[in-house]
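We're numbering straight along the sequence, starting at 1. These values consider heavy atoms only, across backbone and side chains, with no hydrogens, waters or symmetry-generated copies. Every number for a ligand or one of its atoms is a count from 1 in the order of the listing.
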Amino acid sequence: MGRKAPREDVDDSGMEVSEPKEWAAGVPGVTAALRQSYDQMGARRTALTLLRVNQRQGFDCPGCAWPEGGKRHVAEFCENGAKAVAEEATTRRVTRGFFAAHTVDELGERSDHWLGQQGRLTEPMILRPGSRHYEPVSWDEALGLVAAELNRLDSPDEAVFYTSGRTSNEAAFAYQLFVREFGTNNLPDCSNMCHESSGSALTETIGIGKGSVLLEDLHRADLIFVVGQNPGTNHPRMLSALEEAKKAGARIVAVNPLPEAGLMRFKNPQKPSGVIGHGTGLADRFLQIRLNGDLALFQALNRLLLESDAPGAIDRGFLDEHTAGFAAFEEHVRALDWDLVLEATGLTRGEIAATLGDVLAAEKIVVCWAMGLTQHRNAVATIREVVNFLLLRGNIGRPGAGVCPVRGHSNVQGDRTMGIYEKPSQAFLDALAAEFGFEPPREHGLDTVDAIRAMRDGAAKVFFAMGGNFVRATPDSAVTEAAMRNCRLTVQVSTKLNRSHAVTGEQALILPTLGRTERDVRAGREQFVSVEDSMGMVHASRGRLAPAAPSLRSEVAIVCDLARATLPGSKTDWAAMADDYDVVRDHVARVVPGFAGYNARVREPGGFTLPHAPRDERRFPTATGKANLTVNPLEVLRVPPGRLLLQTVRSHDQYNTTIYGLDDRYRGIKAGRRVVFVNPGDLAGLDIADGAMVDLVSEWTDGTERRAPGFRVVAYPTARGCAAAYFPETNVLVPLDSTAEVSNTPVSKSVVIRLEPPSEG
Ligand SMILES: Nc1nc2c(c(=O)[nH]1)N[C@H]1C(S)=C(S)[C@@H](COP(=O)(O)OP(=O)(O)OC[C@H]3O[C@@H](n4cnc5c(=O)[nH]c(N)nc54)[C@H](O)[C@@H]3O)O[C@H]1N2
Ligand SMILES: Nc1nc2c(c(=O)[nH]1)N[C@H]1C(S)=C(S)[C@@H](COP(=O)(O)OP(=O)(O)OC[C@H]3O[C@@H](n4cnc5c(=O)[nH]c(N)nc54)[C@H](O)[C@@H]3O)O[C@H]1N2
Ligand SMILES: [Mo]
């Protein structure tokens, strides 16, 4: 198994642009995945590893949080899952020699792609004050330093503990316990930038911040809305579920400014017909909505439902028995202004009326959504309106119907369940206090945006990250980077090199950890971890590969070892937890509702499903004891003349800030990432040619401007007035203060920009 040299850093000079594709997956998907896997790990390891993904005795795919389903195919993975695995199972290594050869400043100048291509981190490294090179450090010294820096803070609230969503349940539970014993609720996580808006809206309206459907509900639905989501790239296995639903007679409505490939046509690589045939045309209706038009769309549908004289247009019995707030909701929606609806959505009345026809013909409706709904200023209001829409026809709490926020990171939902939350409930804290015999802090902690503000202002001095790539994933890159540099100590528990290792506090540590694919042996016994998918199913994950390097520690062990170093007086059995994850799970079973018998049930084939009161019993544990209909004012997001509304999206060749490659196959982009997709009609109006080079300049309400230089304009069939470009390159354009109401999520999907001639040669 030969070690492959990393590809050279690539510029965009060889970029090729062609027509976007109408179909997704099929043979080109499999070929692309295998090519990258061979490249990263050679043929034998590719075969061994990919066959273990999502199998009962294997590991959970680190790609997305889409559930596995009952019958598993021999190869239960998708192109992008395979890329996620290859990225972790790569045979390339970052050694002490690498750090001796590159200063941190040099690393800071490299692209995200290049950094990721260097391979797996292999030993703890330290950047000492004043030094420009990381050097090796022992685990004891590294953890001792973190403990010393934490203990010299004036208050535990001067430390921030971030989590990305790959962390297992066991590691997450131990981590939040350590942080709370230390004395703070400063537990921001990637969820703050992701589905926080969904959690906020759902908790208020149905009493639990999670989706209410299982995989079989999707299979049984009559009508499925896929709103603000690009499953062909980001949740490819969801396409199989949609295909199955269609075969059973479901209609699918795609709501998106972009005609995303997987929704238009899908070739299932797991089936012979998908490999050679024409595939399934998934979406029956495509509503090419303007960015941020969804609140208006669902409010319009709700008004039409209230006005309809079709029998059973709304479910009176359900509304009377199970909901609160109908009168105020009805009054508000009946006064809806159609002109505003058409302006906000960019759709015609005919399109909306036809969609109402789909709705009236459907007994069971599921609405699926992702970042296209959650990352707007009024995201929470929009999702509340989606809930109104479902409640009107009793579409929550019965088979084949419900809300389906499709999560991102493979265990982002489980991390929250385990207590990774800056606003924990008092009941959760009471349970922790009872189990572990300490008084946890009760005040709310900092979320991601507030943590950046605190570091910027010197109110937080130690930053600790359990995974992720904080400086790249967060908005307002220049502000965030300055905030990180303002810290006394920044610590990254990571598998791969990224920009957060190069933009550091006065001192910095890299603590290398095992990934999902690797065998985890503690005290001579093989351990396994567990995760919760997007539908509340909890199951075990066992790595099989030999660890990337002998000195890697598991996340559970790192947390427990750090806790012992930091909290000498702790009564918690940290050493026992580190050596036997069953001990962690026994604690979880007594603290977290729904986990009784955790150790036994997680060992059953397929794991177990967490309880969900609205789904299981049509019980809504909200403040009113009922499902809440809400009033959501409609404001149209108006853009000044000559400006566009920019959304920042993922290409087909990236996982958040990890850039696998430089192609976006479905959108017709090859060998480049600095592109901006604009409607040809808008380009004509702006007098800018397809292929021109421009700077993107964002304009914020306080008069400040931000610039991302050097993008190639691509004429593209996006909705009028709307542009799209890839993150993280465009994060520099998103102002830190531009966040969603209630959820405080950065507004990454509606940034007002203008296109300017390039400032640099
Ligand atoms: N391969 C791969 N898989 C991933 C990820 C990855 O980066 N790569 N990331 C993971 C994570 S953490 C997450 S959160 C998910 C993200 O999954 P997605 O939410 O699918 O990711 P985005 O690329 O942000 O795509 C947003 C989609 O919403 C549409 N959209 C944007 N604004 C609006 C709007 O105002 N209204 C409507 N109706 N549509 C809109 C965009 O055109 C696009 O299709 O994927 C997860 N899975
Ligand atoms: N403009 C804009 N910004 C966005 C978004 C957007 O749509 N637009 N999306 C937002 C969303 S939805 C999300 S979820 C965030 C993502 O934010 P993050 O979760 O912080 O970012 P990732 O890029 O997923 O993190 C990648 C890094 O995680 C580490 N890693 C990978 N696997 C493991 C593991 O098993 N253990 C540990 N300890 N480390 C590991 C590797 O070192 C890798 O470099 O970004 C957000 N930022
Ligand atoms: Mo996410």
Side-chain angles (χ1 to χ4, degrees), residues 62-66 78-81 83-84 87-88 112 115-116 121 162-168 171 189-195 226-236 254-260 263 287-294 297 369-376 379 382 406-412 448 465-475 492-501 511-517 555 558 645 647-658 660 718-719 722 724 726-731 733-734 745-746 748-751:
C64 70
W66 190 255
C78 65
E79 175 193 354
N80 277 347
K83 289 189 217 159
E87 191 73 17
E88 183 176 298
D112 302 300
L115 291 170
L121 295 159
Y162 177 69
T163 312
S164 168
R166 273 196 194 169
T167 297
S168 65
D189 70 340
C190 70
S191 215
N192 297 142
M193 299 179 270
C194 186
H195 268 291
V226 181
V227 191
Q229 200 197 339
N230 178 18
T233 286
N234 296 313
H235 304 93
V255 186
N256 204 307
L258 297 173
E260 304 284 31
L263 290 171
L287 298 176
Q288 187 163 38
I289 198 162
R290 287 221 172 108
L291 286 171
N292 199 46
D294 307 87
L297 171 66
W369 72 86
M371 297 303 99
L373 287 199
T374 64
Q375 298 175 334
H376 289 285
T382 301
V406 182
R407 304 280 160 175
H409 267 303
S410 52
N411 198 39
V412 61
T448 292
M466 184 56 75
N469 183 3
F470 192 84
V471 303
R472 250 348 226 164
T474 49
Q492 307 285 342
V493 178
S494 309
T495 52
K496 301 281 301 268
L497 194 65
N498 65 46
R499 188 163 174 84
S500 297
H501 305 119
L511 304 179
T513 189
L514 294 174
R516 284 274 170 82
T517 51
E555 292 181 347
I558 293 171
L645 212 47
Q647 62 154 324
T648 60
V649 287
R650 293 155 172 79
S651 83
H652 193 65
D653 264 2
Q654 75 184 83
Y655 194 93
N656 300 337
T657 69
T658 298
Y660 304 135
T718 177
C722 302
Y726 305 130
F727 99 99
E729 289 83 347
T730 47
N731 260 335
L733 298 171
V734 184
T745 293
S748 312
K749 294 289 192 274
S750 41
V751 186

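Of the N and O atoms on the side chains of R516 and S410, at least one donor lies less than 3.5 Å from an acceptor on the other residue. Side-chain contact annotation: S750 with H376, donor-acceptor N/O pair under 3.5 Å present. For the residue pair K749 and Q647, no side-chain donor N or O sits within less than 3.5 Å of a side-chain acceptor on the partner. Side-chain contact check for R166 and N411: no donor-acceptor pair (N or O, by modelled atom type) lies under 3.5 Å. Between the side chains of T517 and E88, at least one donor-acceptor pair of N or O atoms lies under 3.5 Å. Judged by distance alone, the side chains of D189 and T163 never bring a donor and an acceptor atom under 3.5 Å apart.
Every N/O-N/O distance between T474 and ligand 2 stays at or above 3.5 Å. Considering backbone and side-chain atoms alike, R516 places every N or O at 3.5 Å or more from each N or O of ligand 2. Checked by distance only, ligand 2 and T495 come closer than 3.5 Å through their nitrogen or oxygen atoms. Between Q375 and ligand 2, an N or O atom pair is found at a separation short of 3.5 Å. The shortest N or O to N or O distance between G515 and ligand 2 is not below 3.5 Å. Any N or O atom pair closer than 3.5 Å counts here, and N469 shares at least one such pair with ligand 2. By the 3.5 Å distance cut-off applied to N or O atoms, N234 is counted among the residues near ligand 1. No N or O atom of T513 sits closer than 3.5 Å to an N or O atom of ligand 2. Checked by distance only, ligand 2 and F470 stay at 3.5 Å or farther apart across all their nitrogen or oxygen atoms.
With a 4.0 Å heavy-atom cut-off, ligand 2 is reached by the backbone of T657 and by its side chain too. The residue R407 has no part lying near ligand 1, judged by heavy-atom distances below 4.0 Å. Only the side chain of D294 comes within contact range of ligand 1, with a heavy atom under 4.0 Å; no backbone atom does. Only side-chain heavy atoms of E260 come within less than 4.0 Å of ligand 1; its backbone N, CA, C and O stay farther off. Counting heavy atoms closer than 4.0 Å to ligand 1, residue I289 contributes side-chain atoms (C-beta onward) but none from N, CA, C or O. When heavy-atom distances to ligand 2 are checked against a 4.0 Å cut-off, R472 has no atom that comes that close, whether in backbone or side chain. Contact annotation for H235 and ligand 1: only side-chain heavy atoms (C-beta onward) come within less than 4.0 Å of the ligand. At a heavy-atom distance under 4.0 Å, atoms from both the backbone and the side chain of M371 approach ligand 1. Contacts with ligand 1 closer than 4.0 Å are made by side-chain heavy atoms of N80 only, the backbone lying farther away. Under 4.0 Å from ligand 2, heavy atoms of C194 appear from its side chain as well as its backbone.
The two atoms that bring L733 and V751 nearest to each other are O-CG1, 3.7 Å, heavy atoms only.
Among R650, H195, M466, the residue whose heavy atom sits closest to atom 13 (C) of ligand 2 is R650. Taking only non-hydrogen atoms, the option from S168, A370, G468 nearest to atom 29 (C) of ligand 2 is G468. In this structure, of V255, N292, T718, the residue bringing a heavy atom nearest to atom 35 (O) of ligand 1 is N292.
Atoms of ligand 2 found under 4.0 Å from any heavy atom of G467, numbered from 1 in the order shown, are 37 (C), 38 (N), 39 (N).
Within the 4.0 Å heavy-atom shell around ligand 1 one finds H376.
To the nearest 0.5 angstrom, K83 atom NZ is 10.0 Å from Q654 atom CD.
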